[in-house]
Amino acid sequence: MLDIRWSVRIAQVPADRRCCMPEAIELHSLTRWYGKRRGVIDLEADVHEGEVFGFLGPNGAGKTTTIRMLLGLIRPSGGSARILGLDPWTQAPAVHRRLAHLGSDPGYLGDLEAATLLDHLGALRGLPRGAWQSLAERLDLDPRVPVKKLSRGNRQKVGVVSVFMGREPLLVMDEPSTGLDPLMQREFLALVAEARADGRTVFLSSHNLPEVERACDRVAIIREGRLVKIASVAALVGDHTRSVNLVLERPAAEGAFALPGVTVLSSTGQDVHLMVRGDINPLLRHLGELDVRDIAISTPDVEDLFFRYYEGTVAGSEGRAAAAGGPGIHVEAAP
Amino acid sequence: MMALSFRLELRRSRILGVGLAVVVLVYGGVMAVFYPILVANTAAITDYIKLFPKEFMAAFGMTGSLADPGIFFSTYIGSFLWPVVAAIAGIALATRPTAADAERGWSDLPLATPLTRGRYLGAAILGQVVVLGALAFVTVAGVISVGALVGAGFDVARFLAAGAVLWLFACAIAGVASLAAVITLSRSVSASITAGILIAMYLFNIVAQVQPDLAWLGDLSAFRYAGVGPLIDSGIADWVGIGVFSLVALAGWTASLVLFRRRDLLP
């Protein structure tokens, strides 16, 4: 279970401050088809200026498609996206002056030294030579090594340095911490926290759930191209749900946990992971009839909630609607 | 910003450019060494060449005596070495900034900065112009330099003019490859398309020379316009060829720029 008091846990922006801010990103019915293949469908979301917004989903859910539309690299098939009030397709250079981007697997030019690469990308953004130096030292990146000789983690550091070395008000990152070791992940989250403290907006696409929980103010969950949930992390983890991990003496019978508000997240014989929404007493009474070796009840983390929206065996009404591709989006106001 | 992109383009072209420059320099130099021997044995070589069908030899640029500097250059460089070098360099350079860099994910990085797509590709095209020009110059310079050492007596100005035609020929290849790369965003597909067109045109030219009934095929071939023999030997430029190459290069690059600015850059 995650410790939400972790050192880089980010404080919430006060509601009175946020209400006056313009939106950093606005998505209205944003849709993209690749021929008959689904990209994303009818995305509706606002990312407030100054917040860290998580965009959660597994591979193929539509995260990268959304980011490519935000960057003006591809056009929407329908709907619209606005970045700081600008259209990323028709006003791409103006948008690009206001954002820094880190792709999920950037194809760096391997023959270039990290320093040369960062200087080049920095110069294109109007940054002075060596703007990356302090960050490279902080992330323990050797800038004199050709990129092709760097490990996956060190290549990812190049990307992290690149995105944070400027002063752009919006940072768009696609799975930024992939390949980073735990120490560097912590440093990355600290950088996100500092960016947020500076009033910069961070759009963070990820399938690293603990990272999202630690870094983000709000989270959108995307499933098969559709948004199924947008809520603050605090609201997500505190909506009267409990995560129940059971170890039984004997495997439970099929349908043993078919109780009101109870969702079976996983069941591997004797180990059962449940999500309980609402009153937990019916479950506790039912457990009295079973041979329980161990039980752990906790508030669910983002990971539990993510799977709740993703599992095909969702019991909640939101999940069923989302699974059907219907209007299952569940939006909660930012704090 | 365009200058930054242009500098990087040149930097990335160093290995390919230097590698091909060494090849053309060595090959051109060696051929130039042999030129005085060809001149000294003109009669014997002419008799030998007569053993082959005239049309067949014409298909490879041999339409006169190898002792003529223009026929010599056209045969060994213009019709043999340069098409290969121009195809390799033109295709490799022109498919890189759009197709290859989109495939590897590099182009997303500069294109997510204030650098516009037009300037990004414009810088790359400028890089192609410079590198192909340098290669054409080195090709001619190698022949001229070694020719001077062995007393070949080549006309420097006419050889340099021939180098300009070689350059335009390579630019035309790059223009077509650039357009194919922007359309397909696939390096292998765009390179195959361009190489296929070149091979087809090479065959058209041969067939047109060997089969008089199919002479019209020659008009469809770039190689029909690539001969620099008359330019070196008589100072007569083939303005139609120069115009065709220039037009194809400019049209290909311009269409690439227009399309690249408008198209989706799919991962």
Side-chain angles (χ1 to χ4, degrees), chain A residues 32-35 37 39 64-65 67-77 83 88-112 116-127 129 147 158-159 162-163 166 168 170-174, chain B residues 1-19 92-93 95-124 127 181-182 184-188 257-267:
Chain A
R32 173 70 202 202
W33 290 92
Y34 299 103
R37 196 161 53 85
T64 301
T65 292
I67 285 181
R68 293 186 78 76
M69 285 191 280
L70 293 180
L71 295 173
L73 296 173
I74 58 175
R75 263 173 299 197
S77 307
I83 303 274
W89 179 260
T90 58
Q91 297 169 289
V95 167
H96 294 160
R97 269 190 283 278
R98 292 162 173 80
L99 68 79
H101 164 244
L102 168 60
S104 59
D105 188 17
Y108 295 126
L109 303 179
D111 291 330
L112 298 185
T116 310
L117 186 78
L118 289 166
D119 271 333
H120 177 73
L121 293 173
L124 290 176
R125 287 156 60 188
L127 301 174
R129 277 176 84 88
V147 175
V158 174
S162 159
V163 81
E168 291 86 353
L170 174 63
L171 309 178
V172 177
M173 294 182 263
D174 195 357
Chain B
M1 271 188 286
M2 194 168 166
L4 285 167
S5 208
F6 173 67
R7 277 210 302 271
L8 183 66
E9 194 62 28
L10 289 187
R11 184 183 173 132
R12 294 178 71 192
S13 305
R14 275 186 316 194
I15 293 176
L16 178 75
V18 171
L93 295 174
T95 57
R96 187 174 63 196
T98 48
D101 282 349
E103 285 174 327
R104 72 190 294 173
W106 162 253
S107 55
D108 287 1
L109 297 172
L111 291 177
T113 71
L115 179 69
T116 63
R117 291 187 187 195
R119 289 183 176 188
Y120 169 81
L121 184 54
V182 171
T184 65
L185 285 187
S186 160
R187 183 172 231 180
S188 56
L257 280 166
V258 170
L259 192 59
F260 189 63
R261 288 169 63 182
R262 293 178 182 178
R263 72 153 301 158
D264 285 332
L265 298 181
L266 301 168

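These numbers were taken from a predicted model, which means no experiment stands behind them. Labels below follow one simple rule: chain letters A, B, ... track the order of the sequence lines, proteins then strands, and each chain is numbered from 1. No hydrogens, no waters, no symmetry mates; every other heavy atom, side chains included, goes into these values.
For A/His96 (side chain) and B/Leu115 (main-chain N/O), no donor-acceptor pair under 3.5 Å exists by modelled atom type. A distance-only check finds no donor-acceptor pair linking the side chain of A/Arg68 to the backbone of B/Asp108 [under 3.5 Å]. With hydrogens and angles disregarded, no donor-acceptor distance shorter than 3.5 Å links the side chain of A/Arg125 to the backbone of B/Pro114.
Ranked by heavy-atom pairs under 4.5 Å with chain A, the list B/Arg12, B/Arg104, B/Arg11 is led by B/Arg104. When the candidates A/Arg32, A/His101, A/Glu168, A/Arg98 are compared by the number of heavy-atom contacts under 4.5 Å with chain B, A/Arg32 comes out ahead. In terms of non-hydrogen atom pairs under 4.5 Å with chain B, the most contact-rich of A/Leu121, A/Asp111, A/Leu99, A/Val172 is A/Leu121.
At a 4.5 Å heavy-atom cutoff, A/Ala92 makes no contact with chain B through either its backbone or its side chain. With a 4.5 angstrom heavy-atom cutoff, A/Thr116 touches chain B only via side-chain atoms.
Across A/Tyr108 and B/Trp106, no two heavy atoms sit closer than the pair CA-CE3, 4.1 Å. Between B/Leu4 and A/His120, the shortest heavy-atom distance links the atoms O-CE1, 3.6 Å. Residues B/Leu111 and A/Leu73 come closest through the heavy atom pair CB-CD2, 4.1 Å. When all heavy atoms of B/Arg117 and A/Trp89 are compared, the closest pair comes out as NH2-CZ3, 3.4 Å. The two atoms that bring A/Arg75 and B/Arg263 nearest to each other are NH2-CA, 4.1 Å, heavy atoms only.
Rounding to the nearest 0.5 Å gives a distance of 6.0 Å between CG of A/Leu112 and CG of B/Leu8. For the atom pair CG (B/Leu109) and CG (A/Leu117), the distance works out to 7.5 Å, reported to the nearest 0.5 Å.
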